[in-house]
Structure formats: C-alpha cells, structure tokens
Protein chains: 2
Amino acid sequence: MTAPQRRSWQDIRDILRGQILDRSYRPGDKLPRDEDIAAALGCARSTVQRAMQDLVDTGLVARKRKGGTRVRPDPVTRATFDIAVTRVEVEATGATYGYELVSQARARTPEAVVARFGLKAPEEMLHVQALHLADAAPYVFEDRWISLASCGEIEAVDLSRQSANEWLVHHKPYSRIDLRFYALQADETLARQMQTAPGAALLVLERTTWLEAVPITTVRSVTRPGHQIVAQNEA
Amino acid sequence: MTAPQRRSWQDIRDILRGQILDRSYRPGDKLPRDEDIAAALGCARSTVQRAMQDLVDTGLVARKRKGGTRVRPDPVTRATFDIAVTRVEVEATGATYGYELVSQARARTPEAVVARFGLKAPEEMLHVQALHLADAAPYVFEDRWISLASCGEIEAVDLSRQSANEWLVHHKPYSRIDLRFYALQADETLARQMQTAPGAALLVLERTTWLEAVPITTVRSVTRPGHQIVAQNEA
DNA sequence: TAGTGGTCTAGACCACTAA
DNA sequence: TAGTGGTCTAGACCACTAA
C-alpha cells in the first residue's frame, strides 16, 4: 500500500481550484467555512487558510469575515512582471550588453516630471540620457531624472562607465513605485537613437520611485521596435 | 502606560524591510536565521516566516534552505496588474460602456494564432472582432479566436448583445494564461476602427488561455490612443 | 551531514461585518 | 451580536542544500 501522504496546502488549493474550474462552485457562489473544509479534507484549519490565501492572491476568490469565501463574480486576470536591471535583462537573452551615456546635466524639471513626482514646484535635478545596447543594437533608450536632494552622491559617479540604472539599484532602495506602460510614436530624434523609422510604434515603460515620501528617480524607458513584455506564467 | 501590543507579521516585515532600506543589510547580505530573528523581536518563528514570505513575494529577499535569507543582489521591480472585464474597466472610469460586434465567423486559424496556442496544425475556430466603447468613443478593439473544441456552446450565444469577453469570463475558466504587451502602429483599417490617424502608436495587450492543455481563447486587444496601463501601487 | 527554511497541527484569541 | 476569517503560538517533523 502506498503511504497516505499528509495533505499539503498546495493539495488543498488544487482541490478547491479544481472545484471552481469545473464549476462545482460558480462565480458568486459561497464556499464552506474554512473549518468545514478542513474537516472534510482532513487537515488543519490553518492549512486551508494558507490555500485560501493563494487563491485570493490569484484573484480567484474573495474572502470577508463573517461573509465567508466566495468565488469572485468579476474575475480579474492578475499578472506579475519582474523587471530586472537592463544589463541583466539583455544578458539573459544571450546577447552582449552595451551601454552609452548620451547626456548628463543638471536641469530644472519640466512639467511632466514635476507631475510624475507630484512636486509642488520645479526643482533642479540630474537629467541623464543613456542608451542600452544588445549586440550593439539599441535595446532601451532611457531618459532619467534623479533627485539631487536624495541622491546627490551620484554626481561623483562616472556615468559613462556605470549606468545610473545600475548605480541606483545598488545604492538607492525605494519603498514606493509608480509604474506604467504605453505606446509612443517615435519622433525624428528618438527614431535616430533607436535606429528605426520616424513614426515607429515603441513600447514605453515609465517608472517613478520614492523612499517614503522622498523622490528618488523617474525614468522613461523606450524599448526597441517590436519589444514585448511578457508576464510570468500564472495561476 | 500604553498596552504593549503583540507584534504582527506586518510589524516584523516592516522592521526587516526598514533594515534593508536603510542599508543595515545590503544587497547580497545574509539575514539572521528566522529563529534568531524571532527571539530578537519576541515573536514566534512562524510569524517571522510569514513576514519573510511577503518580502520574498515583493522581490526584496531570496531564501534557501540551509543557505538562509539574503537581500537580493539583483533587485527586480515586481509589478502586479489586474485586468478586469473591459466593461468593468470602462465603468470604473465613470464612462458609459458601449459594445459593438464587428464580425463573427468560423475560420481556419492563421499561423500567428497557431503559434500562440502552440497547435500542431491550423484548426477551425470562431473568429470574433468587436469594439468596446467608452462614452461612445472607441476604447478597445478586440480580435479574438475561440476554440470550438472547448467552447462550442458559444455559437448559440448572441454575441451582438453580450461580448465574448464577458461570456467567456463567466463560463470558461482557465488554468493557464500567456500575457504580453507591445506597441503597434495602426494600419488603415485599425485606424478607422479606433478613429485615429494611420500610423498612430497603440498599446496592445495579447492574452491566450488554456484549461490544462486545452486551448480556450486568444485575444489581441488594441487600446485607444494614449492608453496607459498602470501597475498596482506596490512594495 | 548538519543547518536552515517549509509546512503542518491544535488551540487560542481577535477583528471585522453581515444579518 | 453572532459568525467567519485573520493571526499568533509552541512544538514537531520534513525537505532541501551548502559546506
């Protein structure tokens, strides 16, 4: 006889998810109380709790005290993306990574940057433009503003050798991030930088970070033509 | 005297995260064993475990049995997106939702769709094109292929009244999803559908779903000009 | 092979909130 | 206000893996 294994929370999750997927429980339906599920499946309540936590994270069920657990009536697709340092991302594709500093200068933040940070007034920051290359072809063009108030030391760093991306990641942790994606039509300048045709549709990733309430950096990363961002395989 | 509250796992997480953010522990550094942290902070080991689980989910630390817990040396930005049914998304902006079926027909899957599903050969599926509107303006144009093998019933549904998006979400759960973003230059046809200029840069969201190994549907959703996808506020 | 994280259990008490 | 999920604890055993 095969030894009866103790049930893990993944087992419990799979059983419950199976019942949701095969529509034993339909969107909006209420599941039994954790305690009853535990009794029925022969495990501790905390094991059910752990399984439920996973189903909540996945967006499959919603839980409320006293209200119980229900299959979400308005299912959402929950996707997670990991965005690494550009160098690591390039090297992960097997390509050779390259980097070029395009410009570096103190400047007053334009209105768009003031808005991204939610500043009250424009401020002098470090403005850095740089190109990341994969096998010598443009991979990402980044246009970055770095707060001198929180990252003054970066002015002593040689940004033609080490990208601001890399330096910040290793020296300036953040506690809050605002992240967005959109499509951008390349203008003449950008097209030249990305070695593509003016008017090309490019995917842009915009990131703004703070440490508590203090601005750190905001960056607009324009990706190479045809670039796709793929989500982790989920659920 | 204020009552000494028992420490919650969130408290523990905040303490640890604080020590990482203020660089008491730097990228690559090893943290103490859970048991020692528990003793130092006066809580049970399982509470530390719960806090650590959150830090792992956030991408801040990595844990290995015997190897211990280390601050990630290659920090990643981890972003989570919730993608709701288009109707819900539009209504959440306060706009009035509208929907128009553009076309619906059985057809052999083109090469791109065969590839997305990873099929061995083309297959007859239901091809549906539809436009979602926000305050009567184009919001999302979706080009969808639905597997007849797994979703044959949908042919009995009046897709001019209810979007395939909505029907599928409520009747066809999936267990696997492939999700990607990219930018697309509008051609003549698409520009007309989205009421924009040919050549406009549009953000595209592509989703392909399976139930176990069985294809369900694949959809290319072209968003309106200027559309941004914003991540949940994290960390 | 020894050390560390992963997980399960049983029980307790708390915090929300639907009814 | 009663019922349900959320969390903590102490202890046990297991599963990985660095050394």
Side-chain angles (χ1 to χ4, degrees), chain A residues 1-17 19-20 25 27-74 76 78, chain B residues 1-17 19-20 25 27-74 76 78:
Chain A
M1 288 171 56
T2 55
Q5 299 264 346
R6 193 146 44 158
R7 281 219 178 85
S8 71
W9 68 262
Q10 285 98 336
D11 294 337
I12 306 297
R13 176 201 57 192
D14 290 345
I15 292 169
L16 294 171
R17 183 163 59 196
Q19 290 173 327
I20 295 171
Y25 297 113
D29 281 2
K30 191 169 178 173
L31 274 65
R33 308 156 44 205
D34 290 8
E35 201 173 326
D36 293 340
I37 292 175
L41 301 181
C43 66
R45 177 160 79 93
S46 43
T47 305
V48 175
Q49 159 73 34
R50 181 67 186 82
M52 287 295 190
Q53 189 193 315
D54 195 76
L55 294 174
V56 169
D57 287 349
T58 317
L60 214 54
V61 304
R63 280 155 75 77
K64 261 189 208 158
R65 284 163 155 144
K66 168 101 185 189
T69 303
R70 286 175 184 282
V71 181
R72 282 184 73 134
D74 57 334
V76 290
R78 185 154 299 168
Chain B
M1 286 173 59
T2 56
Q5 299 262 347
R6 193 144 47 158
R7 282 221 178 84
S8 71
W9 67 264
Q10 285 97 337
D11 294 336
I12 305 298
R13 176 201 58 194
D14 290 345
I15 291 168
L16 294 171
R17 182 162 62 195
Q19 290 175 327
I20 295 171
Y25 297 113
D29 281 1
K30 192 170 178 173
L31 274 65
R33 309 156 44 206
D34 289 9
E35 201 173 326
D36 293 340
I37 292 176
L41 300 181
C43 67
R45 177 159 79 94
S46 43
T47 304
V48 175
Q49 158 74 34
R50 182 66 186 81
M52 287 295 192
Q53 189 193 315
D54 194 77
L55 294 173
V56 169
D57 286 349
T58 316
L60 215 53
V61 304
R63 280 154 75 78
K64 260 188 208 159
R65 283 160 158 147
K66 169 104 184 182
T69 304
R70 287 176 183 281
V71 180
R72 283 185 73 136
D74 58 333
V76 290
R78 186 155 299 166

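We name chains A, B, ... by the order of the sequence lines, and we start the count at 1 in each one.
- Rounded to whole Å, the distance from NZ on B/K66 to C1' on C/dG3 is 4 Å.
- Scanning for salt bridge (charged side-chain N to carboxylate O under 4.0 Å, His left out) contacts around B/R13 gives B/D54, with sequence neighbours left out.
- What separates CZ of B/R65 from P of C/dG3 is a distance of 17 Å, to the nearest Å.
- The nearest heavy atom of DNA chain D to B/T47 and to B/R70 marks one nucleotide each, and the one closer to the 5' end goes with B/T47.
- Contact between the side-chain N/O atoms of A/R33 and the OP1/OP2 oxygens of D/dT4 is found at a separation under 4.0 Å.
- Across all strands, A/E35 comes closer than 4.0 Å to no nucleic acid atom at all (heavy-atom distances).
- When heavy atoms are screened at a 4.0 angstrom cut-off, A/S46 is found touching base atoms of the nucleic acid.
- Among the atoms of the strands shown, none is found under 4.0 Å from any heavy atom of B/Q53.
- Under 3.5 Å, the side chain of B/R45 and the base of D/dG11 form no donor-acceptor pair of N or O atoms.
- Atom CG in B/D54 sits about 14 Å away from atom C1' in D/dT7, given to the nearest Å.
- The phosphate of C/dG6 (OP1 or OP2) has a side-chain N or O of B/R63 nearer than 4.0 angstrom.
- Put simply, the side chain of A/R63 never gets that close to the backbone of A/T69: no donor and acceptor are under 3.5 Å apart.
- Between the CD atom of A/Q49 and the P atom of D/dC8 there is a distance of 11 Å, rounded to whole Å.
- Rounded to a whole Å, the CE atom of B/M52 is 18 Å from the P atom of D/dT7.
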Quiz prompt | Watson-Crick and G-U pairing of DNA chain C written in dot-bracket, each distance under 3.5 angstrom, with | for inter-strand partners | solution = ||||||||||||||||||.

